[in-house]
Chemist: 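Sharing a structure below in C-alpha cells format, with a few things to ask.
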Amino acid sequence: MATMGADEDIDALERDPLGFIQSAFHRSLATHDGSHAVSDGDNGVRAIVSRLVASGRPLREINGAGGIERSRENELVRFRALVQDMYEPEYYIGAYVREGDSEWTTTKYCEHIDVKGTIAQRALFERRVLYCVPVPGEQPWVGEAERVDETADEEGPRGEKREREETSMDVCPDATPAPRSAAMLIRPDLERTKKANAEDHMAPDTPEQIGEGEAREESIDQLLNFPLVPETRSPCIVKVYDDDDSLRLNDVVEFVGLLYYSPELTAAERDKEMKDDNVYATSSFIEEDNSKNPVSSLVPRFHALAYKVTSQNKFVNSSPVERFTATDLETSHGLTPEKVAIARGKLLDMIANALGGDHFAAELVLMALVSRVHTRTDLLSLGKFSLNLTGCKVESSEAGTIAHVLSSVLGLVCPSVAHLPLTVPSLNARPWAPRKDYVYNRLRAGPLQLAASTVLLLDETKLDSGTLTQIGVRNIESLKAISTVQDVEYDFEYHQMQMPVDIPLIILSDRKSIIPTDSVVPLRRVRNPKLIDATEEELTLMRTFIAGARMTKHVISEKTSVEIEAEIVEARKADAAITQESLHRMLTMTRLRALNYGQTELTTQTWKETMEINRRVAERARVV
Amino acid sequence: MEAKPMRDLNPSDIDKMVCVRGMVTRCTTIIPDLKLAYFKCLMCGFAPEHIQVDRGRVNEPPLKCTECGKPGTMTLIHNLCKFTNKQTVKMQETPDAIPEGETPHTVSMCVFDDLVDQAKPGDRVEVTGVYRAVPIRLSSTKRTLKSVYKTYLDVFHIRKDVGARMRNTAGPEDEEAARNSAASTKSSGPAKNQGPGQQMEFTPERMAEIEELGRSPDIYDRLVASLAPSIWELEDVKKGLLCQLFGATNKSFSDKAANKVRGDINILLVGDPGVAKSQLLTYVHRIAPRGMYTSGRGSSAVGLTAYVTRDPESKDMVLESGALVLSDRGICCIDEFDKMSDSARSMLHEVMEQQTVSIAKAGIIAVLNARTSVLASANPVGSRYNPNMSMVENIQLPPTLLSRFDLLYLLLDRPNPETDRRLARHLVSLHYKNPPQKKRGVISADLLTEYVSYARANVQPVLSDEASEELVEGYVETRRMGGSRKVITATPRQLESLIRLSESLARMRLSAVVDRDDAKEALRLMRVAMQQSAVDPRTGTIDMDKILTGRSASDRQHRRTVAEAIRACLNTSGSGRLRLGELAKALAERDNTMALSIQEVRDAAMLLIEEEKCTIRGDLVTLIA
C-alpha cells in the first residue's frame with residue numbers, strides 16, 4: 001500500500017468508502033495472486049482510515065440529536081459509545097464469486113448484499129458484534145464543538161458530494177446496499193418510532209405468535225437496554241472486522257465507519273421475515289433472535305472501519321486527530337497556572353453555591369471529581385476517592401434540593417454524570433448491577449454500568465425506613481463495592497464476574513450514609529443552594545481543567561518521597577490508630593489536591609495541607 | 001480429543017468435529033424432529049419408502065408422483081413419518097475461560113434421542129460434535145442475502161464434569177465418599193469458584209512448567225512472595241497460609257479402628273482492625289482451588305453446615321449443603337469469627353477435628369463430609385488488642401475451639417519507627433511508581449492455583465526418619481520448657497500439627513519426602529505462632545494451658561494462694577463463716593497484695609468448694625469443720 005499516494009487513497013476513501021474497500025480488496029488479491037484464494041485480511045483499510053482521521057478531515061458525528069437521520073448512505077461517520085454487551089461473533093459470506101464471473105467481490109462492511117445471479121464460490125469470514133449504547137449520562141455539550149464545525153462545512157460541498165455518490169454506484173454495483181428512494185434519509189422522531197414499535201411489540205397481533213406461547217416479547221426498554229433511562233439517543237449494533245481483542249466491556253470507543261438503518265422496516269415486517277427463514281438451528285430461541293436483531297430503525301447497524309478505545313475525558317480536551325493518534329491515555333491539560341487558578345476559582349464558587357456556600361466541602365467535591373483509579377493491584381484500587389456529604393436535607397428552596405443543583409453544576413463541567421436517588425423503592429425496583437438474562441442471552445444493563453470517569457451522584461436524603469428485598473440488599477452491596485474497591489459484580493446467574501470500574505462517587509445524605517466512603521464531611525450551609533451562571537468561555541475552561549486534571553500523570557521526586565515517608569512515620573507515632581487504609585486515603589487525597597492546583601508533581605507542602613484538611617474534616621465530624 | 005476453547009472456534013472449524021467445554025445455560029423443551037418423511041400421492045395412493053430428511057430439508061422433493069406422473073400430488077402424512085426427539089441447548093463458556101473484561105461466548109447445540117435432557121442448566125459439560133453453519137436468508141422471496149450464518153453444534157457426545165477444581169489429596173477415598181454422599185445430599189448449585197472438574201488434566205507443558213517451578217531452589221520464598229503481594233510484610237503469616245493451602249496428607253487406618261487423622265490445617269488470625277486480615281482471607285479464597293467465604297456475622301449454624309428444605313420442583317425434602325460442606329476438600333474462610341453466634345461456632349467443633357457434619361433433622365439423619373481447612377479471622381474484644389491481657393482474654397473464644405487451630409497468629413498494629421518507615425516507602429511507591437514494582441520471581445495467581453492443585457493431587461509426602469527425629473526432639477524440647485514450672489508448653493495436638501506443617505512444607509517443594517529442614521521450619525512456624533498467642537503476659541513464657549483451659553499456670557498458682565488465704569481467714573473468724581464482702585476486706589487486711597474484687601474472691605473460694613473444704617450459699621462462705 002505504501003506505493004500508492006497516501007492522499008489519493010484518503011480522497012478515494014472519503015469519496016466512496018465502499019468502492020475504496022472493494023478496490024483495496026482487489027489490490028490485495030492481486031498482490032498474493034494464486035497463493036491462497038481470499039483471506040479475511042484488513043487490506044490496509046484500517047490504516048488508511050486512521051490516516052484519514054489523522055489528516056484532520058471532518059467526519060460527521062452521529063451522536064448528537066438528529067445525527068443519525070442526517071447521515072447519508074455510504075458516508076464515513078464517527079460514533080462514540082460504550083460497549084454495553086458483546087454478542088456472539090457472526091459468520092458471514094465475506095467474499096463471493098458470481099456464476100459466470102471470475103472476480104471475487106467482498107461484502108465486508110456491508111449490511112446486505114444484493115447478488116444478481118447465483119453465487120458460485122463463497123468464503124466465510126468472521127466478525128465481532130458489539131451492542132453499543134451512547135455513553136450513559138453523557139452531557140449534551142460533549143462533542144458539541146466538533147459538531148458545529150461540521151454543520152458549517154455541510155453547506156458548501158454537499159451537492160458535490162452527492163454527485164460523487166451517484167457516480168460511485170458504478171464502481172461497485174453489487175456492494176451498494178439495497179437502494180433507497182432518497183440518498184438523504186429522513187429519520188422519524190426516535191420517540192415516535194419507539195412508541196409505535198412498543199405498541200407493535202406489546203400486542204401479539206398474529207395468531208401464530210400466541211400459538212407459540214413461549215416467545216415472550218421484550219419491552220422496548222429492555223430491547224434498547226440503556227443503563228440509564230430515560231435516554232433519547234440511539235444505540236447501535238456495531239460490527240468490528242479485525243480480530244484484535246483489545247475491546248473490553250464498558251470501554252468508551254470511538255468508531256469510524258458506515259451506518260445502516262432503514263426507517264421503513266417495522267417490527268411486524270421483521271417478524272414476518274424471521275418466520276420465512278425457517279432455519280433449522282435458530283428456530284428454538286426466538287426471544288434471543290428477536291432481541292438481537294431488532295429493526296434497524298430502532299437500533300441502527302454500524303460497520304466499523306476503524307476504532308480507538310478512548311476515555312470520555314478526551315472528548316473534552318483533545319481534537320479528533322489527537323484522539324486517534326495519541327497512544328497514551330494519560331495527558332495533561334496544558335493550561336497555564338493562571339488559567340488553572342481561574343478555572344478552579346470559578347468551579348469552587350459554583351460548587352460552593354450549590355452546597356449552600358460551604359467552600360470547604362466544595363474543595364472536597366472537587367477532589368472527588370478529578371479522582372481516577374490509576375493503579376490496581378490484586379486487592380486495592382488506588383486513586384479512588386469517594387465522598388459523603390452529610391446534612392444535605394433541604395426542606396424547601398426555589399432552586400431545588402442540593403442534589404439537583406449540584407447535579408446540574410456537575411453536568412455543566414463533567415462529561416457525564418449519573419444522578420440516582422437512593423430510596424427503598426428505587427433500590428428494590430431492579431438490580432442496579434448488570435446481569436445476564438439467559439432468556440434473551442443478553443447482558444441486562446443496570447444503572448451501575450457506567451463508563452470510566454462518570455460521576456455517580458447518589459441522593460440519599462429521601463431514604464426512609466423500609467424493607468429491602470434481596471435485590472435491594474444486592475444493590476447496596478454493589479454500591480459498597482464501588483465505594484471501597486471500585487468493582488461491580490455482574491450477575492451471570494451461575495457465577496459472578498468482577499468488573500473493574502472507575503466511578504467517582506459522591507453521596508448526599510442527611511446522616512452518615514449507609515454506604516461507607518473514604519471521607520465523610522458534614523455540610524455547613526449558610527444559605528440555600530443556588531445555581532450561578534458561567535460564561536461559555538468559563539465553562540470551556542473548567543471542562544478542560546477537570547478533564548485534564550483527571551488524566552494527568554502524577555509523579556513524585558525522590559526527595560519529596562523521602563520527606564513524605566518521614567511525615568508518615570511521624571503521623572503514626574502521634575496516632576497509633578492510623579492504619580494502612582487511612583494512609584492510602586491520605587496519599588490519594590494529596591495527589592488529588594495537587595491535581596486540583598494543576599500540579600503534576602507532589603510536594604511536601606501539599607501533603608501538609610492535606611493533613612490539615614483531614615484534621616478539619618475530623619473536627620467537623622466531632623462537632624456535628 | 002482435545003477440548004478447544006469456545007472462543008477459538010472459527011470458520012475453518014465448520015463441518016469438522018470439535019470438542020468444547022462449557023456450562024449449560026438454557027434448554028428448550030423436547031421438539032419432535034422429522035427424520036423420515038412419508039409421502040403419499042393423493043391421486044393414486046402410491047407411497048414411496050420413507051424419505052430421509054437432513055437438517056430440515058428433504059433430499060428428493062417429490063414434486064410429482066412417480067406412479068401416476070401427476071405433479072404436486074404428493075402429500076406428507078404426518079402420523080406415518082418417523083420423528084426423533086430433539087432439543088436445542090445453549091452452552092456458555094466456563095467462568096475461568098473468559099478473558100478479563102469480556103462477556104462469555106455461547107454456542108447453540110442440537111441434541112437428539114438419548115442425549116436429550118442429559119445436560120441441564122448449570123451443568124458443566126464437555127461436548128463433542130460437528131460444528132455447523134447455516135445461512136440466514138433475509139427473505140425467501142428477495143434475492144438479497146443477509147449473508148449471515150448461524151452456527152451450532154450437532155452433538156453426539158456429552159460428558160458431564162463432576163467434582164471440583166481442587167485435585168484431591170486422597171483420590172480413591174474421595175471417590176468412595178463421593179458415592180456415599182451423592183446419595184444423601186443434593187448440593188445447592190455449584191460452589192462459586194468450582195472449576196471445570198478433576199477430569200481436566202494439566203497439559204504436558206503446564207505440568208513441565210509446574211515441575212520446573214517445584215525444582216527451583218528458592219521456591220518457598222517465591223511462593224511467599226507471590227501470596228498476596230500487595231499485602232505488606234507479614235511473612236510468617238503468609239507462610240502459615242501457604243501451609244494451609246498445600247495441606248498435609250490424610251491418614252486413615254482402615255484395618256483396625258477406622259480412624260482418620262485430618263490433614264487439613266486450621267488457622268486463626270487475630271488482630272487489630274485494619275491490618276489486612278480480611279484481605280488475606282479474600283486472597284486465600286481467591287487462590288484456593290476450592291473454597292467458600294463467609295462472614296461470621298451473617299452465618300448461622302445451618303448456613304455453615306446443612307439445612308433441610310423442600311425442593312420446589314419435586315416437593316421432596318432435600319438436604320442443602322452449607323458453606324463448610326461445600327468447601328469439602330477446600331478452605332472455608334470465616335471472617336469476623338468473633339461475631340459469630342455461639343451456636344454457630346459450636347458446630348465447628350465437630351468439623352475441625354472429625355471433619356464431618358452430622359445432621360439429624362426432619363427425618364434425615366446423615367453424616368456429611370466436611371474435610372475442610374478453616375481459616376478464620378477475629379477481632380480482639382474491645383476491637384483493639386490489649387497487650388496486658390492474654391490471647392484468650394483478648395479474643396474470648398472457647399478454649400476447646402482455640403485448641404483446634406493449628407496456628408494462631410496475632411496481627412498487631414503497633415507503631416514502630418522502623419517498620420513504619422518501610423510501610424511508608426511501600427505505600428508511596430504503590431501510589432507513585434507505576435506499575436508497582438513486583439518482587440522478582442513472583443508467581444501469577446493462576447499459576448499459583450494450579451501449582452497448589454497439582455501439589456495436592458500428586459505429592460503425598462512421607463516423613464523421613466531424620467525429620468521425625470527432629471520433630472520428636474523439638475516436641476520434647478518444647479514440652480520440657482515448662483517442665484520445671486509445671487506448665488504445659490506442648491500437647492499431642494501440637495505434635496500432630498507439627499507433622500501436618502512439615503508435610504505441607506515438603507509438598508510446596510513437590511518433594512515426596514519430608515526432610516529435616518521441613519521439620520525445622522515447621523517447628524519454627526509453630527514457635528512463632530505460639531510465641532504470639534500463648535505467651536503469658538505476666539511471665540513471658542509459653543504456656544499451652546492458656547489456650548487449652550483459658551488459664552495460665554501462674555493464674556492457677558495465684559488462685560491457690562488466695563484460696564489458702566481465704567481458708568486462713570475463715571479459720572480465724574471464729575464462726576467459720578463469712579460473707580464474700582467481708583472476706584475480701586479481710587484478705588486485703590491480711591496482705592495488701594490481695595486487694596481483690598468480690599468476683600475474684602468467689603473464684604478462689606470455688607477452689608475450696610471443689611476440694612470440699614467449705615460450702616457457699618448465697619454469698620455466705622462456710623468452712624466445713
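Computation of the quantities below employed the complete heavy-atom set of this structure, encompassing side-chain atoms and omitting hydrogens, waters and symmetry-equivalent molecules. Residue numbers start from 1 in every chain, and the chains themselves are labelled A, B, ... in the order their sequence lines are given, proteins ahead of strands.
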Chemist: Would you indicate whether the side-chain heavy atoms of B/Q92 and A/Y438 approach each other to under 4.5 Å?
Modeler: yes
Chemist: If you tally heavy-atom pairs under 4.5 Å against chain A, which of B/L9, B/V107, B/T25 wins?
Modeler: B/T25
Chemist: Quick one, B/H105 and A/M86 - any side-chain contact, counting heavy atoms below 4.5 Å?
Modeler: no
Chemist: Which heavy atom of B/N10 sits nearest to which heavy atom of A/E126, and what is that distance?
Modeler: CB-OE1, 3.5 Å
Chemist: If you look at every heavy atom in A/I93 and B/Y149, which pair is closest and at what distance?
Modeler: CG1-CE1, 3.4 Å
Chemist: Testing the basics here: between B/E102 and A/L247, what is the closest heavy-atom pair and its distance to 0.1 Å?
Modeler: OE2-O, 3.9 Å
Chemist: Is there a side-chain contact between A/E88 and B/T106, using heavy atoms and a 4.5 Å cut-off?
Modeler: yes
Chemist: Where does A/Y490 contact chain B at under 4.5 Å (heavy atoms): side chain, backbone, both or neither?
Modeler: neither
Chemist: Pick out which of A/V83, A/L443, A/L130 makes a side chain to side chain contact (heavy atoms under 4.5 Å, CB included) with B/T103.
Modeler: A/L443
Chemist: Among A/N441, A/N250, A/I564, who wins on heavy-atom pairs under 4.5 Å with chain B?
Modeler: A/N441
Chemist: With a 4.5 angstrom heavy-atom cut-off, is it the side chain or the backbone of A/D251 that approaches chain B, or both, or neither?
Modeler: neither
Chemist: Hey, are the side chains of B/P11 and A/F125 touching, using non-hydrogen atoms and a 4.5 Å cut-off?
Modeler: no
